[in-house]
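Just so we're on the same page: letters track the sequence lines, and every chain starts at 1.
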Amino acid sequence: MERAAPVDAAGEAGHFPAAMAYDPKAIEARWQRHWLENETFRCQVDPSKPKYYVLDMFPYPSGQGLHVGHPKGYICTDAIARFKRMRGFNVLHPMGWDAFGLPAEQHAVETGTHPRITTRRNIETYRRQLQALGLSYDWSREVDTTDPKYLRWTQWIFSKLHERGLAYEAEVAVNWCPALGTVLANEEVIDGKSERGDHPVVRVPMKQWMLRITDYAERLLTDLELVDWPERIKRMQEDWIGRSEGARVHFGLPEHAGETIEVFTTRPDTLFGATYMVLAPEHPLVASLTTDEERAAVDAYVAETGRKSERLRMAEGDDKTGVFTGAYAVNPVNSERIPVWIADYVLASYGTGAIMAVPGHDERDWAFARKFELPIVEVVSGGNVSQAAYPADGTAVNSGLLDGLPTAEAKQRINDWLEEQGKGEATINYKLRDWLFSRQRYWGEPFPVLHLEDGTVKLVPDDELPVTLPELDDWTPSGEFETPLSRVPTWLETRDRETGQKAWRDPNTMPNWAGSCWYYLRFCDPGNDEAAWAPEAERYWMPVDLYVGGAEHAVLHLLYSRFWHKVLYDCGLVSTKEPFQKLLNPGMILGFAYRYYDDNLSDDPKAEARSYPSSAVRIEGETAIATPTGEEVKARWVQLDEVRFGEDGTPLHPTIEDLPLEEVTEKMSKSRGNVVSPDDVIAEFGADALRLYELFMGPLEKGAPWSTEGIPGCFRFLQRAYRLVVDEDSAGEPAQELASGAGTEAQARLTARTIAGVTEDMERIQPNTAISKLMIWAREINREAEAPREGVASFLRMLSPFAPHLAEELWRRLGEESDLALQPWPEPDASLLVEDTITLAVQVNGKRRDEVQVPADADEEAVKAAALAAENVARHVGDQTPKKVIVVPGRLVNIVL
RNA sequence: GCCCAGGUGGCGGAAUUGGUAGACGCGCUAGACUCAGAAUCUAGUGGGGGCAACCUCGUGCUGGUUCGACUCCAGUCCUGGGCACCA
């Protein structure tokens, strides 16, 4: 075959540059260009091949760019993708951008730069950084959630949800931050203040879009059985969904005919012990039940709780507060009149927002009853309710028809009774709440709906999608409760094409989870303008075989996208029940940060601050106190590259004399000054060394602090690999002399063993041990004889998932002309894996004393004899007769005296 | 408080099902090459003892099961993560 003309630097030059020291910069640039220009990793549906879909959680491209911690997962999935490709799989390995979101919008407010500009710029940076790592993405499939061609289909999926009654508008309490002019998520509110800026947050009712994820609670829970995910992630989802079995019970209100209080309880068997009831202060019946005598106290209590955030209420812990409403309810099982209280230990958001209090068998009710001197009755034997609540199972007592029944049976019996009497029923309750789906922000997907003049809400027809954002040049929040879009009448006001009515667009936008809920589906068919994806593409590629991303998305992204996926499944639009078959969470790479303290609490740049090392500072609660003076001080961080190191390696402040710094391990962040950029590491050691090091550091799922010391080791290994093929000393020589064929028997065996081992490690996603086997191969292969060409070729194939640039370069130096990345993975010669003689350890009483060489096929008697004959064994056995001799084939012999 | 994950050399980490603890790499020590350094190569490197052969202790801690335990069981301490009045 004629020499193919690869479009790359080497091809143009006609020959490779003069041989010299390993120079990653030139090699990496050459092959990155080659892969991009030839679209080496472009893939398409091919039913003749098995598929493998390996996906990274796509990033939000922030203005900071990547640090070395981010690509850990990407590098691992890339190695897997490259491995699977060589193993004959048709691999889908795409990348895209989750680009809507608050940071770009905040940046816009501060600088006046349109979020689209910032986003585009950040994407450019991220793409450049990822490409510099040599990741084998099919870049033709790149998606951007802010692209109108993408968000059109996000809106289309919202329409599907709406059509099925799963999207609705409701008035709910939200965290409104007047200073920031926006609603905040619960996670963004800490102790009643905003996380950013420490501004007060109030809970106000606002009309919001909600998604009925609770309809899918049961399936979201049970289908976790179908996926291969880390147990702790499954557990977190289970806890979040929070299924509990119990009963709903209706308590009558004699003074309010027709009204009842409904409670949820997991212990209907304790109904006879319910001696009072408690409503959440927000409960709708509070106002009507409260008697005139109690009204002032109740109103004051309701107002007081309204001011507290849920978090603060919880923080108060065991000290129970509450007030009596003056009303009484009737216990349906024994017709006793019991008082109705309100208390903030009952949460409006869980169950029915009301409870029957059984102080004998619930710790919270017990504490409350004690404080307010309410009666405590024992209805389950086993404890001593005058000392403490007894929440465990036991035998029902003082409970009429339930007396003598064990807890499980009592529950069953009372449930049947409640249903017969029409006073309640067995039910299942979930902690999961419907998903608050709107945000009062600009940089998100507009809702594809019209609010018509007649008060109805109507979906924008599919053929009019997308509804794009209007151009704005001012994103500053101004009025109360006003969204940026509500200030754009030209965009907001429109007309319904069908009825001619005046119509208004929705001024809210979707949260940034929307785009990430389905991007894995778009990757199957990203260029499709007719549909969100073609059914053939979806059926071929789905599900995602391996999904890798941070555990911080355990409940949010992963639960939301599973929900959407199930809705799409019900619509017949996807063929799998679950989107992500196997999930792995990369551990976080941390960075060393260097800390001291000073007394410049106000951050005044002109102030003369007094500085203290950490050893002179003690932490009291949240505040740091300088021990010598007793005054408050503030932590300061020294940039990583400014730290000086003393003679003994002590980190020191760059300018202040004799100020030792404290070394702590922290998440990499700008404020801690401990960010390491991949750009810098690549500039010094190359992308291959960085990739190798991040994989070699340890298992994917384990986090560790970034240490610069380890990279040279990986660089040295690559250099050794380079020298196997390239003669560094004789400039101009294209390649080392290599022995032809597989080499000596020992070399052939080493190669076979390495192939078998590396293959197995990769199947188990353990690149760290695979790399160590390659290191051993490279060290041993030419110890006694010239490296054999066939062995080197196999080695390069195996090296290519980890260090793809160097492997590809050396492959060409061997005279090969096709892409190494598309070569088949080597197969070990099975006959070489079987050793003729094996070494067995010999133990005496379980302690290793010697070892013996025996033929691999030696029978047990021969092995025993050899073991007993071993010199050091004979010494320990002496003239004793072994009680027992245990032979573990291929492993060891244990002689028991 | 509850749930989950994890504790192995100076450091990152290996150790298929209970079967030679510490692979591989870093660091360190010595040597080779060099005028010298860098780079590279070679050897050594868990603690203690011994000239050595070897002996002994050793996988957070305390027990247990077993011929044999980093691995299994019970208890306990520490670290990290999640949840936190969920009726």
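- Positionally, the nearest nucleotide of RNA chain B for A:Leu892 lies more toward the 5' end than for the other of A:Leu892 and A:Gly713.
- Candidate nucleotides B:G25, B:G82, B:U20 were compared by shortest atom distance to the side chain of A:Met236, and B:G82 ranks first.
- Pair check for B:G27 finds B:U45; Watson-Crick or G-U wobble, both atom distances under 3.5 Å.
- A 3.5 Å limit on both hydrogen-bonding distances identifies B:U40 as the Watson-Crick or G-U partner of B:A32.
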Worksheet item: What string of B, S and - do you get for nucleotides 37-55 of chain B, 5' to 3', if B is base contact, S is sugar-phosphate-only contact and - is no contact with any protein heavy atom under 4.0 Å?
Response: ---SSSS----------SS

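- What you find for A:Val346 and A:Gly353 is that their closest heavy atoms are CG1-O, 3.6 Å.
- Mapping A:Gly703 and A:Glu709 onto RNA chain B by nearest heavy atom places A:Gly703 at the nucleotide closer to the 5' end.
- With a 3.5 Å ceiling on both atom-pair distances, the Watson-Crick or G-U wobble partner of B:C2 is B:G82.
- Side-chain contact of A:Thr839 with A:Gln853: a donor-acceptor pair under 3.5 Å is present, judged by distance alone.
- Each of A:Phe717, A:Trp706, A:Phe802 was evaluated against A:Tyr693; a single residue qualifies, A:Trp706, per the ring pair (Phe, Tyr, Trp, His ring centres under 6.0 Å) test.
- Rounded to the nearest Å, the gap between the P atom of B:G12 and that of B:G27 is 15 Å.
- In this structure, CH2 of A:Trp706 is placed 20 Å from P of B:C11, rounded to the nearest angstrom.
- Looking at heavy-atom distances under 4.0 Å, A:Lys847 makes contact with sugar-phosphate atoms alone, never a base.
- Counting any heavy atom pair closer than 4.0 Å across all strands shown, A:Glu363 reaches no nucleic acid atom.
- If you check distances only, the side chain of A:Arg764 does reach the base of B:U16 with a donor-acceptor pair under 3.5 Å.
- What separates CG of A:Asn768 from P of B:G25 is a distance of 14 Å, to the nearest Å.
- Closest approach to the A:Arg232 side chain among B:C24, B:A14, B:C4 is made by B:C4 (side chain taken as heavy atoms from C-beta onward).
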Response to the item:
With B for base contact, S for sugar-phosphate-only contact and - for none (protein heavy atoms under 4.0 Å), nucleotides 62-69 of chain B reads -----BS-

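- Base pairing of B:G19 is made with B:C67, judged by Watson-Crick or G-U wobble geometry with both donor-acceptor distances under 3.5 Å.
- Between the A:Thr275 side chain and the A:Ile376 main chain, no donor and acceptor come within less than 3.5 Å of each other.
- Between the CE atom of A:Met697 and the P atom of B:G13 there is a distance of 7 Å, given to the nearest Å.
- Using a 30° and 60° split on the angle between ring planes, A:Phe368 and A:Phe372 fall in the tilted class, from 30° to 60°.
- Syn is the conformation of B:G9, whose glycosidic angle sits no further than 90° from 0.
- By the 4.5 Å heavy-atom criterion applied to side chains, A:His361 and A:Glu378 are counted as neighbours.
- Put simply, A:Ser244 has a side-chain N or O that comes within less than 4.0 Å of OP1 or OP2 on B:A87.
- Phosphate contact (OP1/OP2 of B:A15, side-chain N/O of A:Gln766, threshold under 4.0 Å): present.
- For the pair A:Lys702 and B:G13, the criterion of a side-chain N or O lying under 4.0 Å from OP1 or OP2 is met.
- When the C1' atom of B:G80 is taken as reference, atom CD of A:Glu701 falls 15 Å away, rounded to whole Å.
- In this structure, A:Pro705 reaches neither bases nor backbone, as no heavy-atom distance under 4.0 Å exists between it and the strands shown.
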